[in-house]
Amino acid sequence: MLDAGCGSGPLTGELRAAGADVSGFDSSPAMLELARERLDEDVDLRVADISRPLPYADGFVLEAL
């Protein structure tokens, strides 16, 4: 799953707890730092602006960790 605008990661955390593979992005590096504190270090979090091309390759599939 892709959590667009993940902020500090509350939804990302809930989805991961339910067994989902989740990648999140937010335009705020500060919010992503809070998300990293909340979540495991292995979560895929990236800085991105939804009005610009996202930092994922075409056909991106998050691999099970």
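The stretch residues 45-55 participates, sequence neighbours left out, in these side chain to side chain donor-acceptor pair (under 3.5 Å) pairs: D44-R46, D49-S51.
Note on V22: it clusters hydrophobically with L11, by side-chain heavy-atom contacts below 4.5 Å among ILVMFWY residues. A continuous path of Ile, Leu, Val, Met, Phe, Trp and Tyr side chains, each step under 4.5 Å between heavy atoms, connects V47 with V43, placing both in one hydrophobic cluster.
For the residue pair L39 and G13, the shortest heavy atom distance occurs at CD2-CA, 3.4 Å. Residues A20 and M1 approach most closely at CB-SD, 4.1 Å, considering heavy atoms. Annotation for R36 and E41: closest pair O-OE2, 4.0 Å, computed over non-hydrogen atoms. The two residues G24 and C6 have their closest heavy-atom pair at C-SG, 3.9 Å. Nearest approach of G9 to A35, heavy atoms of both residues: N-CB, 3.9 Å.
At a threshold of 4.5 Å between non-hydrogen side-chain atoms, the residues P10 and R38 count as touching.
A salt bridge between R16 and D42 is present, with a side-chain N of the basic residue lying under 4.0 Å from a carboxylate O of the acidic one.
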Query raised in the report: For F25 and D3, what are the C-alpha separation, side-chain angles and deciding distance, and is it a side-chain contact (heavy atoms from CB on, under 4.5 Å)?
Result: CA-CA 7 Å; F25 72 87; D3 186 1; over 6 Å; no

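The structure places OG of S8 at 12.0 Å from CD of E33, a figure rounded to the nearest 0.5 Å. Here D26 contributes atom CG and I50 contributes atom CD1; the two are 10.0 Å apart, rounded to the nearest 0.5 Å.
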